[in-house]
Undergrad: 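Structure provided below as structure tokens; questions to follow.
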4 protein chains.
Amino acid sequence: MLARVSSTPAFKRLPRAVREQQMLDAAVKVFSRRGFHAASMDEIADDAGISKPMVYAYLGTKEELFVACLHREGTRMMQAIAGAAAPDLPADERLWRGLRAFFGFVGAHRDGWAVLYRQARGEQPFAGELAAMRARMVEVVAGMLDHALRAEGREVAEAELEVVAYALVGATESLADWLADHAEADPEKTATRMMNVAWVGAAQLLQGTTWRPPAA
Amino acid sequence: MLARVSSTPAFKRLPRAVREQQMLDAAVKVFSRRGFHAASMDEIADDAGISKPMVYAYLGTKEELFVACLHREGTRMMQAIAGAAAPDLPADERLWRGLRAFFGFVGAHRDGWAVLYRQARGEQPFAGELAAMRARMVEVVAGMLDHALRAEGREVAEAELEVVAYALVGATESLADWLADHAEADPEKTATRMMNVAWVGAAQLLQGTTWRPPAA
Amino acid sequence: MLARVSSTPAFKRLPRAVREQQMLDAAVKVFSRRGFHAASMDEIADDAGISKPMVYAYLGTKEELFVACLHREGTRMMQAIAGAAAPDLPADERLWRGLRAFFGFVGAHRDGWAVLYRQARGEQPFAGELAAMRARMVEVVAGMLDHALRAEGREVAEAELEVVAYALVGATESLADWLADHAEADPEKTATRMMNVAWVGAAQLLQGTTWRPPAA
Amino acid sequence: MLARVSSTPAFKRLPRAVREQQMLDAAVKVFSRRGFHAASMDEIADDAGISKPMVYAYLGTKEELFVACLHREGTRMMQAIAGAAAPDLPADERLWRGLRAFFGFVGAHRDGWAVLYRQARGEQPFAGELAAMRARMVEVVAGMLDHALRAEGREVAEAELEVVAYALVGATESLADWLADHAEADPEKTATRMMNVAWVGAAQLLQGTTWRPPAA
DNA sequence: GATGAATGAGGGTTCATTCAT
DNA sequence: AATGAATGAACCCTCATTCAT
């Protein structure tokens, strides 16, 4: 009773950073499987093999925990893309590599994608977080378009560019959703398709082709 | 107590059909504002100016109520679009009118749109309902593309068409989201932008332009 | 719209007494199937083919309605027994006929029995009603025993008699429960068995045989 | 705020096993007083001096809680009886000791008895649990009768035996009900009475005395 | 006489969150 | 550092019961 031997198994008392990653892994998994609301802190703690108070101590509130997931997965995704699409490549090459990296990431981390987008879109507390992430992507895409246009000596109002970029990002997310839902689908092929859609549109823009509403 | 005049407020003891619409109005509003989970049946009932049991009596469970909202808003939207895009018009004209009707609807029913998509996308129980609606839209768009291509004597594999349509629908939803979030934005202008993106893409397809991944 | 013809179907507007029986029929059925608490006034009204306010108008509260069922079924049962066991017969003959009538009734009105006993026993509001009914039966049985004993020139303290009667009634109820649960069981045979148990006990009493606890 | 002495009341933060017993105690009490349906989890939790979620955490649903009560009380009762009626005693001795233990238990745990029988009999979800318990008792009694009969060189069809046993058990339950309702009644005396009824009946059986229905 | 419309009240259940050890 | 024990606060849902027509 008194002389408790101190030889706890070697894999306990892990350093904080490791524990946090375990928790985030569990959280991403559970959030992804159940959705934000249906996910319970109990299940997350269980899944992480840790007691609930620990989760609170390390990662705070359920909302904060979710945001942490968002951050980690979002950062990973951004890094994957940034690592693939070097800024000194020509625009179409950059776009293609970026898309390939993106769909590759989604295909490999379907859980992460579900957390990032499908959950976050619906729950208001995270609309801001998500909007910020999306804004970054829109900005990147718009930058690419702008760069390509300028190289051709053309110029388009920033607002217009942004909307087009927004649409392209939307289309991409939509295909990513589809990819996440189809376990058998091939990320590479999906990227090719999206590239096709995007590039033919962009090519048109490069040539100045525009559609105008008919005179009412 | 003495001689109570019988002019009770006109809004009591209404027939079922009326009350149901009031409830659905309230439900759409509250679901849209709070999200499915955060919305409480109490608030919906309050907002409809009725007691909770009536909601259950007429529209059933919270889930059933949400589905009822989905159905009503979805039907309204589909009718708005179908009413505008007569099937005997040329493809570009149909697309334009359809988009204009769509963004017009979203602009006028921002709440409804939020319920339809932003909420439904996230909550698993409704993924099916939503997928069905989106599938219908994808099918329509794909049909339009196919029709236009055939008119030009060209033909594209159905799977390819569907993915392109999927991407276009995704882009449209994305812009609709953006529109719903920007009270000052002009639906007509947004439709024009989307038309631009879609049509220049489609025009390329008509010409057989295609992007191919570089040989790895 | 104005000239509503007054030829309502001939089977509506029934006299009150008939309506009440219909309601009681429905109530007995529903109470028996669901149990007192699980039974809802809605279901009873539906089953009676009448609107809920009518039920309240005719038979009052849910509790009152249940008591009304209790009364009707109890009275019917008592009448069935009383009609069979004429008071001028010898004790064993009376007992036998009474038991046969009783089990016959239970077998034929399994619903009624379920309402009367199984439900009423559990719900405190009806403990009194039920105790009164049982008391009447105990009294009758005790009377029979007493009569038979006196005919043999023997006499037993009333309290003793009552307890024995109580036990016999309990045994009878127990077999009735069993009978109600076994659709295939034969009431006549069950009555014979109970008679056997009762009469051999009674016969012993008649002879003065008694068991005494061993000296501790 | 200043130097709060650490002698908090001794009844907080108790280990699970203790709390579970407290909860069961409270549950038995409240179920017994109010009946299954009328009992509220709130009252049970209050009575146990604990918050509702703990009840759910430890003992589950209201139904599961009731079953837990059933199990605990049933087991206690069975143990009390089994401990008293050693299987190597002569039949009458066993019966007597068993009955004495039984009525003693009922007298000492009137609440438990009410839960076990009065409530459980009425509520359909528990009919099975209860039937199982009663079946065990019937089996034991039938076994005793059979044993005694064989010792006398006689034999009775099993079905007959079972019905007699069923009746005896019913009679016993009935007296137990009566005992539970009469605070002033003496368990020992009640046991003697039941023994009297049972044993004189059994004695008759031993002698082969039987009642036969008169030829119709 | 008869009913659709309406509700007050309450019960079971769950969960994020925090003590006290 | 780590956890079992504990809870406040809601939320969904149901039902007996009654108006107003």
Side-chain angles (χ1 to χ4, degrees), chain A residues 8 12-16 19 37-45 49-58 60-65, chain B residues 6 8 12-20 37-45 48-58 60-65, chain C residues 8 12-16 19 36-45 49-58 60-65, chain D residues 6 8 12-20 34 37-45 48-58 60-65:
Chain A
T8 33
K12 298 268 281 185
R13 308 259 161 181
L14 298 176
R16 172 164 186 146
R19 272 276 144 88
H37 269 105
S40 82
M41 295 298 270
D42 277 280
E43 187 176 357
I44 292 172
I50 227 132
S51 77
K52 244 188 314 180
M54 281 275 80
V55 179
Y56 279 88
Y58 279 20
T61 294
K62 191 185 184 185
E63 279 196 9
E64 290 166 348
L65 175 56
Chain B
S6 83
T8 33
K12 297 268 277 184
R13 277 287 140 174
L14 298 179
R16 174 167 184 152
V18 176
R19 274 277 132 92
E20 277 184 348
H37 270 107
S40 86
M41 293 299 268
D42 276 282
E43 185 175 357
I44 292 172
I50 215 112
S51 74
K52 234 188 323 180
M54 288 298 326
V55 181
Y56 281 90
Y58 284 177
T61 297
K62 192 183 184 185
E63 276 197 12
E64 289 166 349
L65 175 57
Chain C
T8 34
K12 298 268 283 186
R13 306 258 162 181
L14 297 176
R16 173 164 186 147
R19 271 275 145 86
F36 177 72
H37 269 106
S40 81
M41 293 299 268
D42 276 280
E43 187 176 357
I44 292 172
I50 226 130
S51 77
K52 242 188 315 179
M54 282 274 79
V55 179
Y56 280 88
Y58 279 20
T61 295
K62 191 184 183 185
E63 279 194 9
E64 289 165 349
L65 175 57
Chain D
S6 81
T8 34
K12 298 267 279 183
R13 260 323 113 178
L14 299 179
R16 175 171 184 148
V18 176
R19 274 278 133 91
E20 277 184 346
R34 303 256 190 248
H37 270 107
S40 85
M41 294 297 269
D42 276 282
E43 186 175 356
I44 292 173
I50 215 115
S51 74
K52 236 188 322 178
M54 288 300 320
V55 181
Y56 280 89
Y58 284 177
T61 297
K62 193 184 183 185
E63 275 196 12
E64 290 167 348
L65 174 57

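Below, chain A is the first sequence line, B the second, and so on; all start at residue 1. Keep in mind that what you see is a predicted model, and the values were worked out from it rather than measured.
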Undergrad: Would the distance check show the side chain of B/S40 and the main-chain N or O of B/E43 forming a donor-acceptor pair, the cut-off being under 3.5 Å?
TA: yes
Undergrad: Considering every strand and a 4.0 Å limit on heavy-atom distances, what is the contact class for A/A45: base, sugar-phosphate, or nothing?
TA: nothing
Undergrad: Roughly, in whole Å, what's the span from CD in B/E43 to C1' in F/dC12?
TA: 15 Å
Undergrad: Measure from the side-chain heavy atoms of D/S51 and tell me the nearest of F/dA6, F/dC11, E/dT14.
TA: F/dA6
Undergrad: Using a cut-off of 4.0 Å on non-hydrogen atoms, how would the nucleic acid contact of A/A38 be classed: base, sugar-phosphate, or nothing?
TA: nothing
Undergrad: Measure the distance from CG on B/D42 to P on F/dA9 and round it to the nearest whole Å.
TA: 16 Å
Undergrad: How close or far is atom P of F/dA16 from atom CG of C/L65, stated in whole angstroms?
TA: 11 Å
Undergrad: If I take atom CE in residue C/M41 and atom P in nucleotide E/dT7, what distance separates them, rounded to the nearest angstrom?
TA: 21 Å
Undergrad: When the distance from CD1 of D/I44 to P of F/dT7 is rounded to whole Å, what number comes out?
TA: 16 Å
Undergrad: Out of F/dC12, F/dA2, E/dA6, which nucleotide sits closest to the side chain of B/K62?
TA: F/dC12
Undergrad: Side chain of C/P53 only, heavy atoms from C-beta on: which candidate in F/dC13, F/dT18, F/dG8 is closest?
TA: F/dT18
Undergrad: With DNA chain E as reference, determine whether A/H37 or C/Y58 sits nearer its 5' end, using the nearest nucleotide of each.
TA: C/Y58
Undergrad: Starting at the 5' end of DNA chain F and moving along, which residue's nearest nucleotide shows up first, C/G60 or B/G60?
TA: B/G60
Undergrad: Rounded to the nearest Å, what distance is computed from the CZ atom of residue C/R19 to the P atom of nucleotide E/dA2?
TA: 5 Å
Undergrad: Using whole Å, report how far OH of C/Y56 lies from C1' of E/dG4.
TA: 15 Å
Undergrad: Can you name the closest pair of heavy atoms from D/S51 and D/A45 and give their distance?
TA: C-CB, 4.0 Å
Undergrad: State the pairing partner of F/dT21; accept Watson-Crick or G-U wobble contacts with both distances under 3.5 Å, and report none otherwise.
TA: E/dA2
Undergrad: Rounded to whole Å, please give me the gap between CD1 in A/I50 and P in F/dA1.
TA: 13 Å
Undergrad: State, to 0.1 Å, how close D/E64 and D/T61 come at their nearest heavy-atom pair, and which atoms those are.
TA: OE1-N, 2.9 Å
Undergrad: Assign each of D/P15 and C/T61 to its nearest nucleotide of DNA chain F by heavy atoms, then name whichever residue's nucleotide is nearer the 5' end.
TA: D/P15
Undergrad: Counting only side-chain heavy atoms from C-beta out, which of E/dT7, E/dA2, F/dA5 sits nearest to D/M54?
TA: F/dA5
Undergrad: Please round to the nearest 0.5 Å and tell me the distance separating atom CZ of B/R19 and atom OH of B/Y58.
TA: 8.0 Å
Undergrad: Which of these nucleotides, F/dA6, E/dT13, E/dA6, is closest to any side-chain atom of D/K52?
TA: E/dT13
Undergrad: Roughly how far apart are C/K62 NZ and C/F36 CZ, rounded to 0.5 Å?
TA: 5.0 Å
